[in-house]
Number of protein chains: 2
Amino acid sequence: MTGPVPPALEEALKRRQARRSEYHGLPYVHYVADTPEVVRGTAILGGRVVFGYPHIGRVLALLQGLSEQFSAPFWAEEKIDGYNVRITRVDGQAVALTRGGYICPFTTDRLGDLLDLSVFDAEPDLVICAEIAGPGNPYQESAPPFIEHDVQLFTFDLMRLDRPSFLPHHEKTRLLERLRLPAVQCFGRFTVNQVPAIQEVLRQLNAEGREGLVFKEDSETNHRAKYVTSNSSIADIRSTTSNFLDLPAEYFTNRILRLVIFLREQGLGHSAELDQRLGAAFLDGLLEGMQRYEREQRVYYTYRCRLRTREAAEALLTHLKRAGGHKVQVVQRELRQEGGYWVLAFDRIYPGMSGLLGHLLQGGLVFD
Amino acid sequence: MTGPVPPALEEALKRRQARRSEYHGLPYVHYVADTPEVVRGTAILGGRVVFGYPHIGRVLALLQGLSEQFSAPFWAEEKIDGYNVRITRVDGQAVALTRGGYICPFTTDRLGDLLDLSVFDAEPDLVICAEIAGPGNPYQESAPPFIEHDVQLFTFDLMRLDRPSFLPHHEKTRLLERLRLPAVQCFGRFTVNQVPAIQEVLRQLNAEGREGLVFKEDSETNHRAKYVTSNSSIADIRSTTSNFLDLPAEYFTNRILRLVIFLREQGLGHSAELDQRLGAAFLDGLLEGMQRYEREQRVYYTYRCRLRTREAAEALLTHLKRAGGHKVQVVQRELRQEGGYWVLAFDRIYPGMSGLLGHLLQGGLVFD
């Protein structure tokens, strides 16, 4: 579909596939489920539609994956370990939408730090699809090794309001340059005959602890596929062990499988050093979690981020509590002014680990 | 209940909680689900009932677990890494029942090698609850390190036909001695104040790569709990990686959790060597599986066991095919006579790994 507001919106609201929300006096609707018309995450604000960012499939075997997925040359762009947002300006208000179509109070508050918002004067219909990454990220324990503090923005796609498609690569590049938008690194245009060159890029990314690549076909279909390095799989495991029982167990087994396929494809086999890092990824985090539980009777991670206003910090906490549902508990630790910002620290308490450790350390039985 | 045949048997058959089967002309019924009357695995043969072996809960935290679970002294017996059978003689025919209540063609065929069947002349109502373990086991890839070939039997409980309860410890011990039945090692009778002594036994078992302990209260309730060593958790992971996608992912995450709790309780922390062994447990097996897939387009494990008759070997294959359902494929590799036995080799093909590797190595996408 290409029209502005999806015709079956009322139907979707009734079925709870879409919900009405409000941000600082700006009412909006966002789709919390895929419908035949639009993908999950699509939002409607000020009568304009920001289409959802579609999921990108993963190839685990590079050579065969690229051959099977692409029938034309494709661009290889860096995949950044952060969270996905779509940024646009509607009725004079620049907002950042999460993957699920919520207006993100954190990103929206920090937009002025992340990019020059005058891009929307030049391009009023622009939708910037970007990854926000860094240790000052309120959503993830992990961050790319090359970002030392706070967060940064990396544009990887551009869209237009009311249109579900991405701008073609050449248009995107031209616009990124003209608008001086911070963007992910592009490693070039490849064909499936150039897999050794891509492998070389991946070896380098892996050595630097970076996440991987997204491939985008240079064609009308603009088909995509992603591929991650083995070190990123280990880092994922390490950074989510305190969440060990709240994530599906497949989260961990999938990453082990990706890691093995990466090793096999790179002809790397495995070394005692890699074995050790994989084992430590599990054991370090879990032992830390247990020690924490023994001291404080709960397993949690403390996030720290900074915002421009107290209201945004409070809205972020409200958003995190609502988005986590009954499962994850969010508890404010501190909120203080420092260097023109409000520094917010909060704990995310993992009920699965806390509950099971409580049961076990009280001597409970498990039947498994 | 204590009567011979459960009154609601016909009802259970109608509801498919119990099913009729037949072994070498011996008809029997076995319960494939728990019912209010009897536990899963209960079997009825020649009008006599062999009650199912109840599941034993696991404590993950030893000190707290023993304090919480036991209000009287308890015996500590070795837990052997094998499969559970109940052996009895009905109408002159000695049979071994699996956990699920099937007559096991392999164990039944080999009973004369595993124990002196004249025990049933002296004790016609006896039901021997035992673990069968060793590398010649047709059900498991793993085996205790102290069994070099074939299989051995280790009695851990005694029951009587038509009665759901276990004989008390002193009666069991007396009978085991009198009948010279091979049995699991008993490390003694402990109270919860003697946890350090139990920890010492566990450290020794762990160092020898043995599985763990089963604790049994020395009281009317005869309450039980089990506890495994960290090395047994690693060995479990190593021996099931070719089955990585056919087992629930929790199989692996549960073992990592057990391992961490064991380390923490033993005050061991983790060493680089342990990290390495955990990592290698995953990577060795998975890389082997991938190499096998690349050569042969399937992931499988070859089992080797020996039986006394060709008929028993064929019955075992039929049993394995039926018990595995549609999921696991069993393919005979060889069946030949050697030293008075029939040596059977068969492959168990793991469809999850074979299917996913096929999809991935053909370049398929996954959305995860």
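In what follows, chains are A, B, ... by sequence order, proteins preceding strands, each numbered from 1. Hydrogens, waters and symmetry mates play no part in the numbers below; they use all other heavy atoms, side chains included.
Looking at A:Gln362, only its backbone comes within 4.5 Å of chain B, counting heavy atoms on both sides. Using a 4.5 Å cut-off between heavy atoms, A:Arg255 makes no contact with chain B at all. A:Phe244 touches chain B through its side chain: at least one heavy atom from C-beta onward sits under 4.5 Å away, while N, CA, C and O do not. Proximity to chain B is limited to the side chain of A:Leu356, based on heavy atoms less than 4.5 angstrom apart. Looking at B:Ile56, only its backbone comes within 4.5 Å of chain A, counting heavy atoms on both sides. Contacts between A:Leu63 and chain B at a heavy-atom distance below 4.5 Å are absent for every atom of the residue.
Ranked by heavy-atom pairs under 4.5 Å with chain A, the first of B:Thr253, B:Leu263, B:Leu357, B:Leu286 is B:Thr253. The choice from B:Leu66, B:Asp284, B:Thr241 that makes the most heavy-atom pairs within less than 4.5 Å of chain A is B:Asp284. The candidate from B:Gly57, B:Gly65, B:Ala61 with the greatest count of non-hydrogen atom pairs under 4.5 Å with chain A is B:Gly57. The greatest number of non-hydrogen atom pairs below 4.5 Å with chain B, out of A:Leu274, A:Ile234, A:Val59, A:Ile256, is found for A:Ile256. Chain A forms the most heavy-atom pairs under 4.5 Å with one residue out of B:Gln291, B:Glu265, B:Glu273, and that residue is B:Gln291. Interface summary for chain B: among A:Gln69, A:Lys226, A:Gln64, A:Glu68, the most heavy-atom pairs under 4.5 angstrom belong to A:Gln64. Contact count against chain B (heavy-atom pairs under 4.5 Å) is highest for A:Gln276 among A:Met290, A:Gln276, A:Glu294. For the options B:Pro248, B:Gly289, B:Ala249, B:Gly364, heavy-atom pairs under 4.5 Å to chain A are most numerous at B:Ala249.
With rounding to the nearest 0.5 angstrom, the CG atom of A:Leu283 is 5.5 Å from the CG atom of B:Leu259.
When side chains are defined from C-beta on, A:Phe282 does not count as touching B:Phe252, because their heavy atoms never get closer than 4.5 Å.
In plain terms, the two heavy atoms of B:Leu365 and A:Ala225 that are nearest each other are CD2-CB, 4.0 Å.
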